[in-house]
Amino acid sequence: MDQTIENLDRKRWGHRIGVGVVLASAVALLVVILETEYNPRTDDASVRANFIQIAPEVSGRLVELPVKDNSLVRKGTLLFVIDPRPYEYALQQAIADQAILEEQIIDEKRKIAAQHNAEDAARAGFHISTTGIKTALSNVEMAKAAVTRAQAAASAAEAQLKYATNDRDRIEPLLKKKYVTVDQVDQANTTVRVAHGNYDASLAALSQARAQYGAAVLQQEQADAAASESESKLGQAVHAVDRIETLMAQRPAKAAKVLTAKLDLEYCRVVAPFDAYVTNMNISEGAYAHAGSPMFTLIDTRNWWVIANYRESKLKEIRAGSHVDVYLMGHPDRKFNGVVESIGFGVFPEDGAVAAGLPNIERTLNWVHLSTRFPVRVHIQDPDPALFRMGETAVTVVR
């Protein structure tokens with residue numbers, strides 16, 4: 001009897017424990033469902049960082065390569081040096097060409113100044129010639145007036161001579177008849193002789209005036225010829241002046257060559273633009289580097305992200321700015337803090353459509369219709385560069 005009662009008690013307790021386990025499991029399942037619903041979690045996440053490929057701007061032999069693959073470099077650290085000698089020679093040549101051009105400009109300015117002086121001298125000569133023409137014209141007019149006055153004087157002397165001769169001829173016959181005295185006849189003869197002398201003098205003065213007029217006309221012709229010659233010389237002097245614009249136009253090109261040569265020389269030394277890890281280095285000192293050809297890659301350690309792929313049904317609980325707990329697969333005991341930076345708005349569809357430029361996220365079970373997953377970009381606030389690796393698997397929980 002007692003044994004039967006004891007068995008019944010055991011059954012009752014077993015039943016109670018079973019019910020309790022089921023209820024506890026149901027409660028735990030409910031808690032997990034609520035936790036995953038309001039705090040979305042995924043292990044489909046990977047660590048990302050910005051990276052750049054380091055390629056030289058100039059070609060040449062590598063003479064220094066102090067960095068190693070997978071090493072950490074600080075901003076400003078020397079990455080490599082390309083043989084600078086060809087670019088130093090090019091810079092010296094560019095500077096020399098620029099100096100030669102400046103000397104040519106100085107010489108040309110001196111030459112042009114001398115040509116301008118010659119032009120000024122020719123212009124002064126032309127001005128003097130023009131003044132000579134005016135003076136010669138004035139002399140011609142004066143000589144012409146002198147000829148006119150001499151002609152008038154000669155005409156007056158001729159008239160006076162005729163008058164004196166007629167008066168003498170009239171008086172001389174009267175001397176025989178004693179109507180006039182001898183003194184009157186002598187006076188008339190003297191008057192004739194004086195008038196004749198005056199007439200001869202006026203004729204000489206007229207000849208002299210005509211000679212002066214001829215000389216003045218000749219001087220005018222010479223002045224005209226000299227003016228024509230001066231004008232011709234002035235025209236030659238004006239057209240002989242060189243122009244410096246052609247040399248001046250070469251200045252920017254020469255200066256640009258110097259700046260380009262300096263820039264190429266600076267490009268021979270390449271330093272790290274930021275704190276970064278060196279990776280994918282497969283080149284050694286002594287190799288020939290080609291401009292634009294990548295030599296290795298720098299992973300930027302200043303900012304780290306985790307790209308977590310969440311199902312579309314979980315996106316309603318995720319907002320930009322939400323806090324995220326981040327765990328690295330290689331260090332699950334360390335928790336890092338992150339913030340949702342953005343949520344993707346497009347992924348590569350799997351129905352065969354082409355959508356170039358969108359993330360291609362594969363669905364793992366092709367025979368079951370799965371929810372599409374969208375990338376959520378999480379910025380890590382307290383990253384440890386010694387632990388974070390680009391492409392590392394991570395687990396994220398959005399709080």
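Numbers for residues simply follow the sequence, beginning at 1.
To the nearest 0.5 Å, the span separating CE on M281 from NZ on K68 amounts to 8.0 Å. Here the NZ atom belonging to K254 is positioned 13.5 Å from the CG atom belonging to L259, to the nearest 0.5 angstrom. To the nearest 0.5 Å, the span separating CZ on R311 from OG1 on T42 amounts to 8.5 Å. Between the CD1 atom in I283 and the CE atom in M295 there is a gap of 4.0 Å [rounded to 0.5 Å]. Distance check, rounded to the nearest 0.5 Å: CE of M390 to OG1 of T301 gives 13.0 Å.
Cation-pi geometry between R48 and W305 is not met: the NZ or CZ atom fails to fall both under 6.0 Å from the ring centre and inside 45° of the normal.
Applying the 6.0 Å contact sphere to CE of M329 captures more than 12 heavy atoms from other residues, nucleotides or ligands.
For an aromatic pair to be called close, the ring centres must be under 6.0 Å apart, and Y267 with Y87 fails this.
Using cut-offs of 30° and 60° on the angle between ring planes, the pair W304 and F388 is tilted.
Linking ILVMFWY side-chain heavy atoms closer than 4.5 Å, directly or via other members, places I307 and F336 in two distinct hydrophobic clusters.
The backbone N or O of N280 lies less than 3.5 Å from no partner atom in the side chain of T297, so there is not a single donor-acceptor pair. Without hydrogens or angle criteria, S71 side chain to V67 main chain gives no donor-acceptor distance under 3.5 Å. When atom types are taken as modelled, the side chain of S322 and the backbone of V398 share no donor-acceptor pair closer than 3.5 angstrom.
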